[in-house]
Number of protein chains: 2
Amino acid sequence: METRELRYFVAVAEERHFGRAAERLGIAQPPLSRAIQQLERRVGARLLERTSREVRLTGPGAVLLAEGRAALDAVDAAERRTRRAAGSGPDLVLVAKAGASEELLAKVLDAYAAEPGAVEVDVQLCGPGQQERLLRDGRADVALLHRPFDSTAGFDTEDLASEGQSLFLPAGHPLSTHAQLRLADVADVPLPRWPGPDGTYPNGAGPQVRDTAQLRQLVSLGRAAAVLPDSARHGLADDVVAVPVVDAPRVTTVIAWPPHSRSRAVADLVRCAARL
Amino acid sequence: METRELRYFVAVAEERHFGRAAERLGIAQPPLSRAIQQLERRVGARLLERTSREVRLTGPGAVLLAEGRAALDAVDAAERRTRRAAGSGPDLVLVAKAGASEELLAKVLDAYAAEPGAVEVDVQLCGPGQQERLLRDGRADVALLHRPFDSTAGFDTEDLASEGQSLFLPAGHPLSTHAQLRLADVADVPLPRWPGPDGTYPNGAGPQVRDTAQLRQLVSLGRAAAVLPDSARHGLADDVVAVPVVDAPRVTTVIAWPPHSRSRAVADLVRCAARL
DNA sequence: TCCAGTGATACCCCTGCGGTATCGATCGGC
DNA sequence: GCCGATCGATACCGCAGGGGTATCACTGGA
């Protein structure tokens, strides 16, 4: 199976519409129709159920969509990492959630920079749920993830730190005077809404946020309250109060990298971080 | 990057010879040379250093070989699993090392078969080190692996059982009368040699074996002795003695599956196994 | 019944992959 | 130092197949 065919199929499967998929791919619709037919013949299975009203995935189609996305990411990763190894671009890209584990991140970077043979590290900050993608398709080499929020599936990981969570809220909020809280106490605080994997927000009452840095600003402004790992307390302004939520799940910060990574720099950075 | 280019590159990188690689790929040598040149132009980096005497990998070339193999496995896996989802072939393939964890394997299969909605499970036995490959390229859906011997990198896993190791040796062997042993005691017993990832055997004194079932037979014949997990004791003939090696590392049997697996059957089987 | 929307088909063009023949460079043997 | 063997690169050719435009066939809804 060629990557071109796979890209075409994934586009149609995601758009559920040949015309839109063709536009996205920058080709006309007829060659796309033919390519899908040919793919179906080659695989020996109907992948899409088409009527003139809608395009639906069949069972095998759903399998190919999931596996195909992973395969395309792997191919992209191969190309990106090769290109980077050739010298253009940074030597190592580390990705972390904006506003999360800031202190730990700084320590890791400092410790690695002091290492003999350390290379230039590019730090990329992003919203939650984006890191896995970047790591998978080769735009990043290492990531800081937070269990149980982020999926570490398919990566090698090393635990770095573990911490409790607190409710962060504007000074003056009724709950801000408590010494500690339980999850039940915060049940009716409208929590912020994070975007799903597709970039859309679930319905609900809380404000829409894209990363922890944004959220912090909203809390400062008195427009939000949120349960976050204790370390978010670091460098907080006076107008925000953090109250420990004693029965919230503990959050473990891990460093993650692609399992077949043969890079000396990745190994050094991981070893360095694990020593902290 | 197209799959074809990647396959060509991997072939040349592995053979370190354009002619042999072309033969293996079933094409003539000139188109192969051109394809590699074009790939190098597109990636913007020299991947192979050629002289008329040898072909050597450059740094970026080594990166592309490692990443490219993984990517090709992912593409193959996508195609295989899609084809299988389409109905031809078994619904679920489980791979295990021949002769290892036999009892546990039987229990897992029985338990799953009793599950409502259980599908047909194909059991594939293979030598050590082959399972990861099969799981990665889609020829298998689930594997029984043994830490710390097998690499679980890149898979989701669930621990099933943990056990010590014993020295298995023919009755009558001088060490067979001991109640227990330490690693130091077995240091000069010639242990069997397992094939490396490339299928060749390291140099040494012990017999060459391909799987645990073979090894068991050799032990029975009085031609070998080996340190193996205690469970290998199961169903052993009288002429083989197992002496616990108290300071050998404990072996954990885990069930492993590809992380993006969306299959109901895999999830059921894993849940079933974890309950044991 | 007609029209809008959607995927499939017909047909054409041309890129680009694969093949054969041959070149040019390098190394070993005498 | 020359010759022959070996190996990758180049030149050139034929054609499969991917992409484009025009158009058809089918389905729902007004």
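Hydrogens, waters and symmetry mates are skipped; everything else that's a heavy atom, side chains included, is used. No experiment lies behind these values; they were computed from the predicted model shown. Within every chain, numbering begins at 1; the chains are lettered A, B, ... in the order of the sequence lines, protein sequences first and strands thereafter.
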Roughly how many Å is it from [atom1] in [X] to [atom2] in [N], rounded to a whole number?
X	N	atom1	atom2	answer
E5(A)	dG18(D)	CD	P	8 Å
L39(A)	dG7(C)	CG	C1'	17 Å
L48(B)	dC7(D)	CG	P	16 Å
R20(A)	dG5(C)	CZ	C1'	12 Å
L47(A)	dG7(C)	CG	C1'	16 Å
R56(A)	dT27(D)	CZ	P	15 Å
E2(B)	dT15(C)	CD	P	18 Å
E49(A)	dT27(D)	CD	P	13 Å

| When you match P30(A) and R4(A) each to their closest nucleotide on DNA chain D, which lands nearer the 5' end? |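 Whichever sits nearer the 5' end wins; that is R4(A).
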For the side chain of [X], starting at C-beta, report the closest nucleotide among [options].
X	options	result
R34(A)	dT27(D), dG8(D), dG18(D)	dG18(D)
A28(B)	dG7(C), dG20(D), dT20(C)	dT20(C)
F18(B)	dG8(D), dG19(D), dT6(C)	dG8(D)
Y8(B)	dA8(C), dG18(C), dG19(D)	dG18(C)

May I ask you to evaluate whether [X] reaches the phosphate of [N], defined as a side-chain N or O under 4.0 Å from OP1 or OP2?
X	N	result
R50(B)	dA9(D)	yes
R53(A)	dC26(D)	no
T51(A)	dT27(D)	no
S33(B)	dA9(D)	yes
Q29(A)	dG19(D)	no

| query | How would you label the contact of Q38(B) with the nucleic acid (heavy atoms, under 4.0 Å): base, sugar-phosphate, or nothing? | reply | sugar-phosphate
| query | With a non-hydrogen cut-off below 4.0 angstrom, is Q37(A) in contact with a base, only sugar-phosphate, or nothing? | reply |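 Sugar-phosphate only.
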| Any chance the side chains of T3(A) and E2(B) put a donor and an acceptor closer than 3.5 Å? | yes
| query | Would you say the side chains of Q29(A) and S33(A) form a donor-acceptor pair under 3.5 Å? | reply |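 Yes, side-chain donor-acceptor contact under 3.5 Å.
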| said: Are there over 12 heavy-atom neighbours, none belonging to R56(B), within less than 6.0 Å of that residue's CZ? | reply: no
| With a 4.5 Å heavy-atom cut-off, do M1(B) and L39(B) have their side chains touching? |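 With C-beta onward as the side chain, the pair touches.
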| task | For the residue pair T152(B) and V254(B), establish whether any side-chain heavy-atom pair is separated by less than 4.5 Å. | result | yes
